[in-house]
Every structure is written in C-alpha cells, then in structure tokens.
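For reference, the structure discussed in these notes is given below.
Just so it is clear: chains get the letters A, B, ... in the order the sequence lines come, proteins before strands, and each one is counted from 1.
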Amino acid sequence: MSRFGEVDDQYDPHALEQRVFEYWDEVDAYEQTVEHRSDGESFFFVDGPPYTSGSAHMGTTWNKSLKDVYIRFLRMQGYDVTDRPGYDMHGLPIETKVEERLGFENKKDIEEFGEENFIQECKDYADEQLEGLQDDFKSFGVWMDWDNPYRTVSPEYMEAAWWGFSKAAERGLVEKGHRSISQCPRCETAIANNEVEYEDVEDPSIYVKFDLEEREGSVVIWTTTPWTIPANTFVAVDPDLTYQGVRAERDGEEEVLYVAEECVEGVLKEGRYDDYEIVEELTGEEMIGWEYEHPLAEEVPDHVDVDDALQIYDAEYVEADRTGLVHSAPGHGEEDFRRGRELGLPIFCPVAGDGVYTDEAGKYEDQFVKEADEEITADLEDNGAMLSSGTVHHNYGHCWRCDTGIIQIVTDQWFITITDVKEELLDNIEDSEWHPQWARDNRFRDFVQEAPDWNVSRQRYWGIPLPVWTPEDRDDDEDMIVVSEREELAERVDQDIDPEAVDLHKDTVDDLTITEGDTTYTRVPDVFDVWLDSSVASWGTLDFPSDDSQFDELWPADLILEAHDQTRGWFWSQLGMGTAALGEIPYEQVLMHGHALDEDGRKMSKSVGNVVEPDTAIERHGSDAMRMFLLSANPQGDDMRFSWDEMGTMENHLRTLWNVFRFPLPYMRLDDFDPQQTTLEEVDDDLELVDEWILARLQSTKSEMTEQFEAFRQDRALEALVDFVVEDVSRFYVQAVRERMWDEEDSASKQAAYATIYRVLRESVALLAPYAPFVSEEIYGTLTGDAEHDTVHMCDWPAVEEYWVDDQLEDDVAFLRAIEEAGANARQQAGRKLRWPVQRVVVAADDERVVEAVERHTDLLEDRLNARSIELVAPDERWGELEYSAQADMSELGPAFGDRAGQVMNALNEARIEEPNLESLEAAVADVLEDDEAVTEEMVSFVTETPEGIAGTAFGLNGDDRGVVYVDASLTDDIESEGYAREVIRRVQEMRKELDLDVEERITLELEIADDRVADLVEEHEGLIREEVRADEFRAVEDGHRKEWDVEDVSMTIAIEPVAAAEASD
RNA sequence: GGGCCAAUAGCUCAAUUAGGUCGAGCGCCACUCUGAUAAGGUGGAGGCUCUCGGUUCAAAUCCGAGUUGGCCCA
C-alpha cells in the first residue's frame, strides 16, 4: 500500500476484506507476526476443540472472535502466544451421522460393513467437517495456526490420551466395575448423563400390589417402567414417614393395602375403590424387614430370591409421592443400584446392551424391553397384582444423537475413580482464576463436589481405544496392563508393529496381544468416552508425550476461554484428567462467556428457525462489524442477545472512522507530509490547544482500554475506543481542525495538525486491530506505507505517554463542549438557526474552571455559536436578569425530614426566588416547614431560571450542573443582513452541488429578491456572497441553472452558470 | 424437581462495586445543518426499574417469596 494513496470514497467492507486477505497472503502477515514475537515471554493458550459435525454457528463465532481478540492483544503486548487450534473429531455424534449416511440401523450393519471401513468413513467425515470449520473461522479473520491444528484423531493426540489414562492408572484411579449407566439400546453403548436429552413422552403408569408374606394384604408401588419389574429386588420406604394400612372395598371385595398416609386418598382413587377404613398406622421404620412375593415369580423363574431379597428396606430416595413406597431394582436404576450394593443384595439385570431381555428374563426372553411393557402389564393383571394401569406424560431421557429412549442397566464399565481424589480436585480449583469468579465458586465447585466416578468406556468404534490389556481368561482390573505410549506398545506386544506408523484406532490395535510369563493379555474392546479426548488437550496441544520439548516450559495453560456449558464439560473434564494424571489443574485462568441468543433472547435453534448464520451477518455488515458487535458483549458469563441493529451501528462507526481517516489524506499527499520527519515532538511548539487536547484524550483512552482488556472486559475497552473515535476525533477534533488543513499556504499550524491527526489515527488503528483486523490493516498500511511493519498486527500495544497526559485540559474541553451544546439548545429554543448570528451569548459560570475555559476559548465559542459577543458572568457574580430556584439534595433531606423529605423536596424544587439565599428560600417553602426546622446550605443548590425573552440552557459535566448559557436572539438590521446573505449562500451552494461543480469552479450569479427591504439587506453582504460561492459577477444568466426559493416567507429567484460554460458558448 | 445466572426506555446496556430525584448509545418522530461524511446538531415521545411482600426517613440497589428466560443437573 503506498503511503497516503488514494482510498475508496465509501467504506466498502467486502472489497476491503478481500484486498486485505490477499495482502496478508502476499506478505505472510500471520507468519511474520508470530515470528515477530518468537522471543517474547511465552503465553500458553489452549483452544477448546469444537466438535467436527456441522458448521460454525453464532456461538462458535463469538467464541473464536473472543479467542482471536485476546490472542492479538497478548501478542501486541509482546507475548509469544501458543495459538494451535484444535478439533474434537471422535465420538458417537459422528458415528450416528455416518450411520445415517450409510443407511445403517444398528451395530450389526457396522460389523457387516467392517470396523476398519467404518472407522475410515468416520475419519473422512470428520476431516470434511474440519475443513468447513477452518474455512468458517478464517473467513472472519481469526488468526490461529490453521496449517497445524491438533486433531484428536491423530496418533500423537491419541497417545496423549493413553498417557494421561496410564498416569491415572498408576495412581490407582482406574477401575473396572459394575455400574448402573444410561444405555442407548440402538447405539448399544453407555452414554454420559450429559448426553441424555429429556423429552416429554407418554409412558405407562402402573400401581402394583406386592403381596406380603406372613401378613394380610400388600404394599403398593408405582412405576413408569413395567419392564423393570422382573428385576425387582426390594421395596424402599422412608423410615420417618407415616404409613397406613387400609381395608379397601371394591365391588364387594375387600383387601388390605399399605401406602404412605399422604398417599392413601390418591391410591384408592386410582384403584377406584368404593370405600375404605384405616386399620393400622405405623412408621416406615416398623415396616422394614417385611417380606413380599415377587409379582412375576412364575414368569421370571430366575428372579432374585435370596434370603435378604424381596423385603422392605429404608432408602433415602423415597418421597411421599404416588404411594410412598418405591420398587427397587439394583440391576437398573442408579440409586437402586447404590442402595442394593450397600445392602449386599444381588445385582440382577436380565437386559442386554441392545435393550433385549436375556434368558434370565424367562418368559420375556428376546423381547425388547419397551415392547414387553404391554405383556408384563397383562401378566400383572392376571396375577391380581395390578391396582391400576394407565399412562402418564413425563420427561424421559433420550439419546442425544439418535433420539432413542435410554434405559438404565447395570453393565461392566471402566472408570476413573475421581471420587477417590475429590478433596484434591476441590483444592486444585483454588489454583485457577475464573472470570467471572462466581462461576468457579458456585457452579463449578458444586458440580465437582457432586461428581460421580467417570465412566470412560464406550462400546463403540470411533474413538480412542482403551489402552488396557487383560489376561485372556479374565477381564477385570486385577491384573491389567495399561499401555502409555506407542513405543511401549511396540515393545510389549507380541506382533511386530512400527511405533511411528501405527494409527492407534481400534482396527489397528484390537488384535494385538501381550504375553508376559505364561499369560496372554488381550485388549479390552471399548473405546474412550469422547469427553476424555478433549480432557487431555493441555498436553495434547503440545503433542506431549511424543514431543516433550515444550511441556515443561509451557504447561499448565495460562488461559482457556469457553462458554458456560463447559462448566460440566471441558472445564470439568480437564480438571478431572489433570488431577488424576498429574495432580494439578491444567489451566490457570478461565474466561467463561455465555451463549448467543436470538433477538428475542431465545436459544437459536434450527427447529424454531431463528438461527442467524455468521455468513449472513458477514454478508450484511462485513466481518469487522460482526466481530465488533460480538466483542461489544460482556464476555463474563452473561448470554448475548443478537442484534442486527447493534451490528449495523458498528458498521456505521467503522464508516465514521473511514471518513476521518480519508479526510486528511489528500492534503497530506499534496504537502508531501512525512510523519518520520514532522513528528509530534518536532512540532510540539506549534501545537494548538485542540491538538494537545485530542492527544490527552488519546492517552486516557489507551489507559482505559488497557485496564479493561487486562480485566477481561474487552467490551468496555471497545466502548472507550469507539467513543474516542466517534465523539472526540470525528465530531470534535476533525471539525475543529478542518480550516487549518484547507490552508493552501504551508504553515506551522498545519504541520502540527498533520502530525497530531497522524499520531491519533496511527494509534487508534493499533487499538482497533484486535477487534477489526481488516479495516485496521488497510488504514495502517495507507498511513505508514513502508515506514513500519508489514502488518498492523505486529505493532506493540500503544502505551500511555505521560508527556501528553493532561487531565485538566480534558476537563476544560469537556466544559467547552458542554457549553457549545447548551448554546445550540438555547438557540433552538429562541428559534434562531445557527446560520443567523446572535447579538450576545451569556455564559454564567458556576466555578473558576468554567471561567478559565471560556476565557481561553472565547473566539472558538463565538465561532461555534455564531455569536457577535460572549459575556461571562463569574461564579461570585449574578446576572441581574435572573430568577432562582433550588435543587434539593435528598441525601441531606432524608435524615433531616424523615418521611416528609419527598414533600420538602418538591417544595424546594418548585420555589422561585429573586435572591439565591436561604432566607428567601425558607420564606418560599414556609408552608412545608415546621417551626423548629430550617433549610441548610447542604440541602440545596441554587439553580438559575431563564428570564423572559432570552433562552437559557444549563450545562454540566457528568450530571453536575456547572453553569448556564443564555442566548440573546433579538434581531437588528445588521444581523438580518448577514442572516439573509447566508441563506442565499447556502442555496447557491446547494445549486452548485446540483450541477456537480468542482469546488474551485467560478460562476456567474443572478439574484432576484421579491422583498425590497430584504434585497437591500442582502446587497450589504454582496462581497461575502461573492467570495463564499466563487461568483465572478452578478448579472442576468440566460441558460443557467434557475430555481425559485422561499426564504423565511420571502421568495427569491436564483440562477447560476459556470463561467467556463458561458465562455465556451460565447 | 434442584443449583447458578439474568431481568432497568422499542433494542443493547449504565447507574461510581455496602441505598439518596435512573442515564447513555442505537432505533423512532419533528426540526435543523451540510465544502470530509450512507455524516453532523437540537428537541420530543418512550420507565409502576418483572411481580408481591419485608427492612429503612429513603430501595433498581439489601432480605424473602414468586414469574419469565438462559445454562447445568435430576
């Protein structure tokens, strides 16, 4: 980019982004930037790997934008930042997608297709998705190491998981055991609790009577899963609850039923009993040990029938709901399982992994459990055990991927027993700093406290194989071998394999055996839960252990940054794995952001159709504007509501920046301005106040931004920058500096303005670069040419320069701007446009600061307010034409007047007095004061009130009133003369614009004013008009551009003709 | 059903981090200005601060209960 070269008239984000992409390519901008910081202090950022199914949505886009902004910021601060992106590529979601693609129904289809082929398909699918995601992320300018992402399917990464798991095993934290787990019967695998999605479904609702032994009657239980009745082992009660035995009558027959006292009415109504009487009342405690008959004893001959089974026990999970007694099957439910094991009861589960009854289920063998519900219900009916049967709507868990209803069964699974190191986990949390902090101390801590052992095994194909070998004749954890690295694998297995070449997926390791002594070990066929994959990312990112060159220096991560759903996901899995394997938390800082919601605050979801694709946003407003919008949201915990409006506003701000940047270029070019020669330091003596002011504002902006960035509030930093660019640079500085730049003569003042705006723009784009990398790049390139780095992203983060800091000046100008604003307001109240001069403007100052500011800038104020004179009323003086009122201070009134404070406040605010003193005021509010009460100085501040005929507006700073501006808008001939002349000028200018005339183009002007008085007044300013509109002469124009105007009810005819055109036609 | 978070103008958010008259940007409407501007300026409308209780002279703010939304768990 050539320095101060021509740039687009309009900010066109798409063309600009395209140019910048090409430019980055051309100069290897990313590679240079990384290289530039290679000697800097290391900063280890770890990317939470997105899952490779589907494309990037607004949430992922937000997440990556945040990562990008912080990485860029850290780089600018000098850090050598690790920026390796990652992808989570294993797991059931991909398997099910591939199954869908191939039209598979179940595992049998996969086995027939061949494991090896299926794994290849999964790999292809994941690779394909990865490419799509990479393209998405690149498209909005995220700079990470795209050529070298970590992929959880690579042998190096899988080895990292093996290593971590083996470390946990060394610490004795790996265990194989019976557990009740959620099983997807279609996928035929255990799934994690957080992979269970709850949906409202209709299920059976049955009340079953279990006949008591050695006692008349039965206990009643309720369940929605008739298929678990065959595995019933005990019934649970709450020992402290009151139960009743009732003799109930239906159709002339009587029976005794036991249920909780609170449930009696409900149960009898369910069973349509005609009448009942209470025959016994007792606590749950007293019922413990009662024995009952299994209601399907004949149908399921293998049912649990040991001595201690089929009895009533106490359990914590009982509530006085439905019947107050709970059917318990330790072979199914998680709580039942735990209690059953405590009680030493057998764990009976007659259901296989595919949800089909085994031969242990007797009559129901080979039936799918959900389909057996009907037959079981009928059998219970026939056995006289059914009290009532119906259906119920409730939430029931489904497989997150294939939507099949899950079942609870007990199977053999491999666990990392993190409950054994619970204290260590809780301690390790303390070693991490979270933003926001409550996320750690509330949510995360609670979750960790209650986390159960981690079931890491899945009976699937597309995952990291468990590196566990067990003796051929047994498959428990007693004599297991856990392999940790590929080298070790190659050394120990009986087969000949190349550790460099082994892929490590299931098909490549399933057949490997290990022989030690007389024992041959075979591999456990399971693969890891996919959450284990990403849990090792902190060392997987470094390719550790196969590459140990960086681990010692970098680990643990300095920062991770993800959405709040990862509290239960990656934040947790990393803590668990880090602690189990290394005894440490693998990250030091966490920035936890929220989710991207739609414009109504609802979750974006495909089914609702409220999803906004990042592509669409980029198309509408450009990547920079989209990023700025996303980055303007609070990144700490709160969800973000998407807003097209806000994004459009960001584009407008960028347009403003573009215009500010574009404005000085032609002049700088013309004057051969060289920022390397004409530095700020060089022109220091020629700087005007407004230059010093904008430089001072720049310093406070930098200071504020740095502070906010370091506190992980990039949104507030951006707000400060936008405010600076839009309010201070564009709306004030550029306005003030325009005439200096128009000056055709070279002047010290002009050079000073160049140097100032150059510095301001140069630093502003550096500050903007992390947010809007494209537009910043183009502006930077145009400003600096070959004089600096090839890319703005190599710049250092702009530091505050003490020399230019000037808080006092910032305050002064703030006053002036407040006065100007108030003056404009007063003008409008007086009905006098800015085009018409006013006789005088009176500034009544409340303090010396205001006086100083006005005295130093009287000319500026006169000019901005188009006033013939500025009068200043000092703080200790009063302007005779004023009245006063009082403004009450509630913090003083409250304690003094108690509940009457509000009333007193109103009276004070409404009072109008001529002298601003307490006596007058007390007299005015005497009505509401009681005898012994007085108004003190602390309670009120006096406020000036506008007199008739003159418009006044208060001005202030940060909500505090600091004075009043009065505009005297009375007319004189002199003012009218100038006013009308300016009206004419304005209209001629508009007509020039309509003809598209060049600024320098000379014209001939014809002017006809209907009103003689006005015509005379205008004539007085003919010279002014001539000069302003570049008119060579006043005379009749024949072919010119002619228009009728109505000016303040006076009609005028104006015609103009370019002189050149007139000459040509002559 | 439980935990955590949020709720302030049509929208996005502030309100000086242990109460003291609730403000800004965007959008909208009107007026205005225009020789950098798809700009700028001024004004206006728009608020039972989600609801109900409590503490206090005084609550957006503190406490309790609920409602709605989000996340997580069951």
Side-chain angles (χ1 to χ4, degrees), chain A residues 9-11 193-194 196 198 319 321 334-335 395 397 436 438-439 441-447 450-451 563-569 572 592 594-595 597 599-603 629 632-634 636-653 655-656 658-667 715-716 719 722-723 726-727 730-732 734-735 738 741-742 820-829 831 833-835 864 887-902 905-906 909 953 958-959 986 989-990 992-993 997-1000 1028-1030:
Chain A
D9 281 358
Q10 306 286 339
Y11 168 61
N193 283 336
N194 55 12
V196 175
Y198 289 84
E319 284 171 23
D321 181 43
E334 207 176 323
E335 290 170 315
N395 271 322
W438 55 256
D441 293 339
N442 299 333
R443 284 181 76 147
F444 196 52
R445 175 164 284 278
D446 289 354
F447 181 76
E450 287 174 18
H564 48 36
D565 54 332
Q566 299 303 331
T567 321
R568 269 69 177 166
W572 157 242
M592 184 192 90
H595 280 181
L597 308 179
E599 296 205 83
D600 300 323
R602 313 233 162 216
K603 189 158 70 164
F629 164 70
S632 71
N634 182 346
Q636 297 196 16
D638 287 351
D639 288 336
M640 174 202 51
R641 272 168 85 155
F642 185 83
S643 163
W644 283 116
D645 258 10
E646 295 288 315
M647 200 180 289
T649 301
M650 285 301 169
E651 193 189 344
N652 283 344
H653 291 330
R655 185 165 290 120
T656 301
W658 186 259
N659 289 327
V660 166
F661 146 72
R662 200 168 65 89
F663 154 71
L665 291 182
Y667 310 105
D715 55 323
R716 289 180 167 166
E719 200 185 335
V722 166
D723 206 50
V726 174
E727 289 293 334
S730 173
R731 291 186 191 161
F732 198 84
V734 169
Q735 291 295 339
R738 273 158 67 178
M741 298 225 175
W742 290 337
E820 184 190 334
E821 196 173 303
N825 180 334
R827 239 176 185 289
Q828 183 144 337
Q829 280 181 47
K833 318 176 191 184
L834 190 59
R835 209 180 285 141
R864 305 276 282 209
Q887 182 159 35
D889 182 349
M890 274 312 275
S891 61
E892 295 290 337
L893 291 190
F897 293 101
D899 57 359
R900 287 172 40 247
M905 176 191 77
N906 286 333
N909 289 351
T953 300
N958 306 323
R986 150 92 189 89
Q989 299 290 26
E990 187 165 327
R992 287 183 59 108
K993 207 169 181 178
L997 295 187
D998 192 82
V999 172
E1000 302 294 329
E1028 290 289 321
V1029 307
R1030 304 264 202 287

Original post:
Given the rule in the side-chain contact (heavy atoms from CB on, under 4.5 Å) test, do A/E719 and A/V722 qualify, once you have shown the distances and angles that lead to the verdict?
Top reply: CA-CA 5 Å; A/E719 200 185 335; A/V722 166; 5.9 Å; no
Original post:
Between A/W644 and A/M647, is a side-chain contact (heavy atoms from CB on, under 4.5 Å) present by the stated rule, with each step listed?
Top reply: CA-CA 5 Å; A/W644 283 116; A/M647 200 180 289; 4.3 Å; yes
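In this structure, the nucleotide among B/G35, B/U34, B/U37 sitting nearest to the side chain of A/R986 is B/U34.
B/A18 takes the syn form, because its glycosidic angle lies no more than 90° either side of 0.
Across all strands, A/Q10 comes closer than 4.0 Å to base atoms (heavy-atom distances). Looking at heavy-atom distances under 4.0 Å, A/T656 makes no contact with the nucleic acid at all. Residue A/V734 is classed as a base contact, given a heavy-atom separation below 4.0 Å to a base. Residue A/Q735 is classed as a base contact, given a heavy-atom separation below 4.0 Å to a base.
Nucleotides B/C5 and B/C62 have their P atoms positioned 12 Å apart, rounded to a whole Å. Comparing B/G25 with B/A58, their C1' atoms sit 31 Å apart, to the nearest whole Å. Atom name P, nucleotides B/C31 and B/A15: the rounded distance is 37 Å, in whole Å. Separation of the P atoms belonging to B/C28 and B/U17 is 36 Å when rounded to the nearest angstrom. Straight-line distance between the C1' atoms of B/C26 and B/G66: roughly 34 Å, to the nearest whole Å.
Considering all non-hydrogen atoms of both residues, A/H564 and A/G637 come closest at CD2-O, 3.4 Å. Taking each heavy atom of A/S632 and A/M650 in turn, the nearest pair found is CB-CE, 3.7 Å. The two residues A/D715 and A/N634 have their closest heavy-atom pair at OD2-CA, 3.4 Å. Nearest heavy-atom pair across A/A563 and A/G594 is CB-O, 3.6 Å. Heavy atoms only, all atoms of each residue included: A/V660 and A/S730 are closest at CG2-CB, 3.4 Å. Between A/A633 and A/M640, the shortest heavy-atom distance links the atoms CB-CG, 3.9 Å.
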When you compare the protein's N or O atoms with those of nucleotides 66-69 of chain B, which come within less than 3.5 Å of each other, and at what distance?
from	atom 1	to	atom 2	distance (Å)
B/G69	O2'	A/G601	O	3.1

Enumerate all atom pairs, one protein N or O and one N or O from nucleotides 62-65 of chain B, separated by less than 3.5 Å.
none

Polar-atom pairs under 3.5 Å, protein N or O versus N or O of nucleotides 25-28 of chain B: list them with distances, or write none.
from	atom 1	to	atom 2	distance (Å)
B/G25	N2	A/E646	OE2	3.1
B/C26	O2'	A/T649	OG1	3.2

Between protein and nucleic acid, restricted to nucleotides 1-7 of chain B and to nitrogen or oxygen atoms under 3.5 Å apart, what atom pairs and distances do you find?
from	atom 1	to	atom 2	distance (Å)
B/G3	O2'	A/D446	OD2	3.2

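Map A/N659 and A/R716 each onto its nearest nucleotide of RNA chain B; the residue landing nearer the 5' end is A/R716.
A heavy-atom distance below 4.5 Å is not found between the side chains of A/W438 and A/Q636. The closest side-chain heavy-atom distance from A/D446 to A/R443 is not below 4.5 Å. Side chains of A/M741 and A/F663 form a contact here, defined as non-hydrogen atoms less than 4.5 Å apart.
How far OG1 of A/T567 is from CE of A/M592: 5.0 Å, rounded to the nearest 0.5 Å.
Remark: side-chain polar atoms of A/R992 are paired, donor with acceptor, to backbone N or O of A/V1029 under 3.5 angstrom.
Taking atom CZ on A/R445 and atom C1' on B/C72, their separation rounds to 18 Å, with Å as the unit. As a whole-Å value, the separation of A/L665 CG from B/U37 P is 15 Å. In this structure, CZ of A/F447 is placed 13 Å from C1' of B/C71, rounded to the nearest angstrom. Going from atom CD of A/E335 over to atom C1' of B/A74 covers 9 Å, rounded to whole Å. Note: CZ (A/R992) to P (B/U34) measures 15 Å, nearest angstrom. Atom-to-atom, CD of A/E719 to C1' of B/C13 comes out at 8 Å; the value is rounded to the nearest Å. Distance A/Q636 CD to B/C13 C1': 15 Å, rounded to the nearest Å. The separation between A/F629 atom CZ and B/C11 atom P is 14 Å, rounded to whole Å.
Not a single donor-acceptor pair, N or O on each side, falls under 3.5 Å between the base of B/G70 and the side chain of A/R641.
Taking the six-membered ring where tryptophan is involved, the planes of A/F642 and A/F629 are perpendicular, since the angle between them exceeds 60° and thus also 30°. Between A/W658 and A/Y11, the two ring planes are tilted [angle within 30° to 60°].
Take A/R655 and apply the side-chain hydrogen bond (donor to acceptor under 3.5 Å, both in side chains) test, not counting sequence neighbours, and it matches A/E651, A/N652.
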Subject >> For RNA chain B, the dot-bracket pattern of Watson-Crick and G-U pairs whose distances stay under 3.5 Å, | for other-strand partners >> reply: (((((((..((((......[..)))).(((((.......))))).....(((((..]....)))))))))))).
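A/E727 CD: more than 12 foreign heavy atoms inside a 6.0 Å radius.
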